[in-house]
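Each remark here refers to the structure printed beneath this line.
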Amino acid sequence: MTGRRGSAVLPAALRVWAGMVGVLAALVVGVLGWSYAGDGGPGAADARVLAVVDGVRPPWRYVALGVDFLGEPAGAAVVVVGAVTGCLLLRLPRAAVLAVAGVGTAVGAATLLKHLVGRTIHGDDNLSYPSGHTAFLTALALVAALVATGRLGLGRTAGTLLVLGAALAAGAVMGWAEVALGAHYPTDALGGLCTALAVTPATAWVIDRTAGRMGAPTADRPDDRSVGVGRPRAD
């Protein structure tokens with residue numbers, strides 16, 4: 001797949017896999033949300049992880065604070081603007097749209113779920129499930145990996161490994177930071193990661209479908225002009 005302006009943001013080789021993972025991730029989000037609905041404390045699995053991760057000291061605390069900043073409004077805005085700028089410089093308008101819509105949808109879904117589930121941490125005013133910070137960084141990693149898969153022309157296996165690896169790495173890093181700082185329970189972070197896995201590829205598919213209906217060429221459906229259709233005969 002080339003870097004043309006109409007390149008699909010969800011490569012054809014990954015569509016079935018992304019759909020299956022998205023459904024599984026949505027199920028995990030639902031099961032965890034149901035399990036911890038209205039809760040205000042850690043579960044058994046949370047307690048085991050918290051015993052190891054919670055309350056890190058400098059210099060790791062500074063690292064955690066730096067990672068956490070990426071999910072704060074100011075940090076997130078800088079990162080997203082940088083991603084959009086990079087996509088536009090590479091002449092990838094669909095990817096630029098995904099950098100905004102994919103991340104925004106994931107964070108929006110996490111925010112909605114927080115109010116629906118009602119799990120809290122450190123008081124009734126602090127809704128915690130799922131972690132919006134984790135959803136944000138995971139979604140951003142998914143966008144970058146999907147774009148890289150298309151630009152590099154990776155097949156199903158290599159593309160799947162890249163996309164899934166990027167999502168898990170980003171989710172793990174932000175999840176660690178949120179748990180270490182006491183902002184979320186481990187299951188909140190897992191819920192945030194799975195929220196992004198369920199929402200971001202689906203958003204990419206919608207963008208491709210919308211662009212296709214508007215007549216934008218893709219690597220799977222080339223522009224007619226590139227194959228000579230509709231051109232006047234030379235003779």
Apply the test side chain to side chain contact (heavy atoms under 4.5 Å, CB included) to residues Leu146 and Val9: give CA-CA distance (whole Å), side-chain angles for both, the deciding distance (0.1 Å), then the verdict. CA-CA 6 Å; Leu146 288 171; Val9 286; 5.7 Å; no
Return yes if some donor-acceptor pair links the side-chain N/O of [X] with the main-chain N/O of [Y] below 3.5 Å, else return no.
X      : Y      : value
His133 : Val67  : no
Arg119 : Gly33  : no
Asp68  : Leu181 : no

Please tell me whether [X] and [Y] are part of a single hydrophobic cluster in this structure, the criterion being side-chain heavy atoms less than 4.5 Å apart.
X      : Y      : answer
Leu140 : Leu88  : yes
Leu137 : Val29  : no
Val52  : Leu50  : yes
Leu70  : Val173 : yes
Val179 : Tyr36  : no

Just how far is it from atom [atom1] of [X] to atom [atom2] of [Y], taken to the nearest 0.5 Å?
X      : Y      : atom1 : atom2 : value
Ile207 : Leu98  : CD1   : CG    : 4.5 Å
Leu24  : Cys194 : CG    : SG    : 7.5 Å
Leu14  : Trp205 : CG    : CH2   : 15.5 Å
Thr149 : Leu162 : OG1   : CG    : 4.5 Å
Arg91  : Ser7   : CZ    : OG    : 12.5 Å
Lys114 : Thr195 : NZ    : OG1   : 10.0 Å

Tell me the closest heavy-atom pair linking [X] and [Y], and the distance in Å.
X      : Y      : result
Ala177 : Ala64  : CB-O, 3.6 Å
Ala83  : Ala99  : CB-CB, 4.2 Å
Arg61  : Val56  : CB-O, 3.6 Å
Ala166 : Ala141 : O-CB, 3.5 Å
His115 : Thr111 : CD2-O, 3.1 Å
Pro130 : Gly191 : CB-C, 3.4 Å

Students often mix this up, so state it plainly: with edges at 30° and 60°, are the rings of Trp60 and Trp176 parallel, tilted or perpendicular? perpendicular
Do [X] and [Y] have side-chain heavy atoms sitting under 4.5 Å apart?
X      : Y      : result
Asp188 : Glu178 : no
Phe69  : Val78  : no
His184 : Thr134 : no
Asp39  : Tyr129 : no

After noting the C-alpha distance and the side-chain angles of Met174 and Thr138, does the key distance pass the side chain to side chain contact (heavy atoms under 4.5 Å, CB included) rule? CA-CA 8 Å; Met174 183 60 83; Thr138 303; over 6 Å; no
Before giving the answer on side chain to side chain contact (heavy atoms under 4.5 Å, CB included), spell out for Thr200 and Thr105 the whole-Å C-alpha distance, their side-chain angles and the decisive distance to 0.1 Å. CA-CA 7 Å; Thr200 306; Thr105 304; over 6 Å; no
Residue pair Leu193, Val28: steps toward the side chain to side chain contact (heavy atoms under 4.5 Å, CB included) verdict: CA-CA 10 Å; Leu193 185 154; Val28 172; over 6 Å; no
